[in-house]
Participant: 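Supplied in structure tokens, the structure appears directly below.
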Number of protein chains: 2
Amino acid sequence: MHLSRDAIVSTALELLTRYGLADVTMRRVATNLGVAPGALYWHVANKQSLIAAMTSEILSPVTGETTTELVSSLHGELTRWRDGAEVAIAGAAFPESSASSDLEKLFTSALKREAPGASPEDSGVAARALIHYVLGATFMEQSREQLSGASPSAAPSASNAVSGVDTLVRAAELMVAGLRTL
Amino acid sequence: MHLSRDAIVSTALELLTRYGLADVTMRRVATNLGVAPGALYWHVANKQSLIAAMTSEILSPVTGETTTELVSSLHGELTRWRDGAEVAIAGAAFPESSASSDLEKLFTSALKREAPGASPEDSGVAARALIHYVLGATFMEQSREQLSGASPSAAPSASNAVSGVDTLVRAAELMVAGLRTL
DNA sequence: ACCTGAACACCGTTCAAGT
DNA sequence: ACCTGAACACCGTTCAAGT
């Protein structure tokens, strides 16, 4: 059935946006491709590596020169997908995908530009802290959306005043200020 | 069978340390208590809320006056349990447990003490950023341990030089410095 | 009030056998 | 090389019925 790894990944991403991560199962992906469940395992090692591949796809458009831009871009790409942060957290924990180390490089070099005096170690620490913050905060943001049954594309409710892009950007500013003074 | 919510939670935590989160299933918890699977649902709403209760138990010993102490304490309690960070991330996303807001208060007040000039909003942002960093970094730490099949109680390998408590503490110092200068 | 029995509607993964 | 059929060993959750 000219099944391919790419076809599997994009079908998984379709199921993700339509039904959420809980309904992205190997069996449903297979059914959606008109194929037996076992057929997937010729192209993909296991479900974990499929999620890692989805993560790469989700994170690949992230760009930006400044940390502020990178933080907003990352948050934007995560919220563009249903359960995007949850996928990225699960996918980043699985190496073999360079998705998270690519992200780390982007953030680290932006921080080096904005705080040239800081040591490479400190820039790396700050980069990872910011990335984990965006992932974690966006995950909690999306979890609460799901519990309250709200649609993510709706007008931003006042309830997520504590989250949102603004506080993420503010964390980036704090990190840069810290790098400059230490 | 004098089944209770507490008994369920502590059995779940036993299974966690012995077999890992993937093997903490409602059915196994029930079997371990000598009870039918459905019996659990009289004391616990669902698996999600059981994990939230486990999270409260894991995070409750976290203490510290300074952010450095809090960061090490949080990292310590998470690594004391197999898959501790994964449980905490899943549990924190589920409200109804005050575990994560308690943690937020501890971190926020420590930051206020160390950077009294900062606004309450900034202290909150910094607190959440640090908490998410510790959770995320520890999760990746523990994921890699599992993949390499190493025991967590073994001597710290050189491979996790990038993670560990030191970089987490350093992030706390950067955050405090940022709060002081902004 | 609390628990059992039994079902419902699923999972991820493997692997002989086919083409 | 790539896929099917069919199985293995499970899941979370519900709910009538019992005590």
Side-chain angles (χ1 to χ4, degrees), chain A residues 1-16 18-55 82-83 86-87 89-91 93-97 143 146-147 149, chain B residues 1-16 18-55 82-83 86-87 89-91 93-97 143 146-147 149:
Chain A
M1 264 287 139
H2 22 278
L3 190 56
S4 73
R5 192 185 154 89
D6 278 358
I8 292 170
V9 174
S10 59
T11 299
L13 286 171
E14 278 173 31
L15 291 177
L16 182 70
R18 252 194 272 284
Y19 310 108
L21 183 58
D23 289 329
V24 179
T25 67
M26 299 301 272
R27 294 174 108 95
R28 273 159 100 99
V29 171
T31 303
N32 239 258
L33 285 161
V35 106
L40 301 184
Y41 290 86
W42 192 265
H43 304 276
V44 164
N46 47 39
K47 193 183 182 181
Q48 175 94 285
S49 86
L50 171 56
I51 288 177
M54 295 166 72
T55 301
R82 169 113 87 124
D83 296 333
E86 192 176 357
V87 173
I89 289 171
F94 196 58
E96 145 176 358
S97 134
S143 299
Q146 202 136 18
L147 280 191
Chain B
M1 266 287 137
H2 23 277
L3 191 57
S4 74
R5 193 187 154 87
D6 278 359
I8 292 170
V9 174
S10 58
T11 300
L13 286 171
E14 276 173 34
L15 291 177
L16 181 70
R18 253 195 270 286
Y19 310 109
L21 183 58
D23 289 328
V24 179
T25 68
M26 299 300 271
R27 285 165 178 276
R28 273 158 102 97
V29 170
T31 303
N32 240 258
L33 285 162
V35 106
L40 302 184
Y41 290 86
W42 193 264
H43 301 90
V44 165
N46 48 40
K47 192 182 181 181
Q48 175 95 286
S49 85
L50 172 56
I51 287 176
M54 294 166 72
T55 302
R82 169 113 86 123
D83 295 334
E86 193 176 357
V87 173
I89 289 170
F94 195 58
E96 147 176 0
S97 134
S143 299
Q146 203 135 19
L147 280 191

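Proteins come first, then strands; the chains are lettered A, B, ... in the order of their sequence lines, and each starts at number 1.
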Participant: I'd like a table of atom pairs between the protein and nucleotides 8-11 of chain D - only N or O on both sides, under 3.5 Å - with the distance next to each one.
Facilitator:
from	atom 1	to	atom 2	distance (Å)
dC11(D)	OP1	Thr25(B)	OG1	3.2

Participant: Which heavy-atom pair separates Ala12(B) from Val24(B) by the least distance, and what is that distance?
Facilitator: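 Shortest heavy-atom separation between Ala12(B) and Val24(B) comes out as O-CG2, 3.8 Å.
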
Participant: Are Ser49(A) and Phe94(A) close enough that some pair of their side-chain heavy atoms sits under 4.5 Å apart?
Facilitator: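 Yes, side chains in contact.
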
Participant: Which value, in whole Å, describes the distance between the P atoms of nucleotides dC10(C) and dA9(D)?
Facilitator: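 Result for the P pair: 23 Å, nearest Å.
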
Participant: Kindly say if His43(B) contacts the phosphate of dC3(C), meaning a side-chain N or O under 4.0 Å from OP1 or OP2.
Facilitator: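 His43(B) to dC3(C) OP1/OP2: side-chain N or O found under 4.0 Å.
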
Participant: Measuring from His2(B):NE2 to Leu33(B):CG, what's the distance to the nearest 0.5 Å?
Facilitator: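 Between atom NE2 of His2(B) and atom CG of Leu33(B) there are 10.5 Å.
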
Participant: Could you tell me whether a side-chain N or O of Asp6(A) sits under 3.5 Å from a main-chain N or O of Val9(A), the two making a donor and an acceptor?
Facilitator: no

Participant: In the structure I gave you, are the side-chain heavy atoms of Leu16(A) and Leu13(A) within less than 4.5 Å of one another anywhere?
Facilitator: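 Yes, side chains in contact.
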
Participant: Any donor-acceptor pair under 3.5 Å linking the side chain of Thr55(B) with the backbone of Ile89(B)?
Facilitator: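 Such a contact is absent between Thr55(B) side chain and Ile89(B) backbone.
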
Participant: Does Trp42(B) have a side-chain nitrogen or oxygen under 4.0 Å from the phosphate oxygens OP1 or OP2 of dC3(C)?
Facilitator: no

Participant: I need the CG-C1' distance between Leu3(B) and dT4(C), as an integer number of Å.
Facilitator: 13 Å

Participant: Give the rounded distance in Å between these two atoms: CD1 of Ile8(B) and P of dC2(C).
Facilitator: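 Interatomic distance, CD1 of Ile8(B) to P of dC2(C): 12 Å.
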
Participant: Under 4.5 Å between any side-chain heavy atoms of Pro37(A) and Met26(A), yes or no?
Facilitator: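 Sidechains of Met26(A) and Pro37(A): no contact.
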
Participant: Can you measure Leu40(B) atom CG to dG12(D) atom P for me and round it to whole angstrom units?
Facilitator: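 The distance from CG of Leu40(B) to P of dG12(D) comes to 10 Å, rounded to the nearest Å.
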
Participant: Got a donor-acceptor contact below 3.5 angstrom from the His43(B) side chain to the Ile8(B) backbone?
Facilitator: no

Participant: Working to the nearest 0.5 Å, report the span between CH2 of Trp42(B) and CZ of Arg5(B).
Facilitator: 15.0 Å

Participant: Please report, rounded to the nearest Å, how far the C1' atom of dG5(C) is from the OH atom of Tyr41(B).
Facilitator: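 Going from OH in Tyr41(B) over to C1' in dG5(C) covers 16 Å.
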
Participant: Closer to the 5' end of DNA chain C via nearest nucleotide, is it Val24(A) or Ala39(A)?
Facilitator: Val24(A)

Participant: Where each pair must be Watson-Crick or G-U wobble with both distances under 3.5 Å, what dot-bracket representation of DNA chain D is obtained, with crossing pairs in [ ] and other-strand partners as |?
Facilitator: ||.|||||...|||||.||

Participant: With respect to the side chain of Asn46(A), which nucleotide from dT4(D), dC3(C), dT13(C) is positioned closest?
Facilitator: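 My answer, after comparing the listed nucleotides, is dT13(C).
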
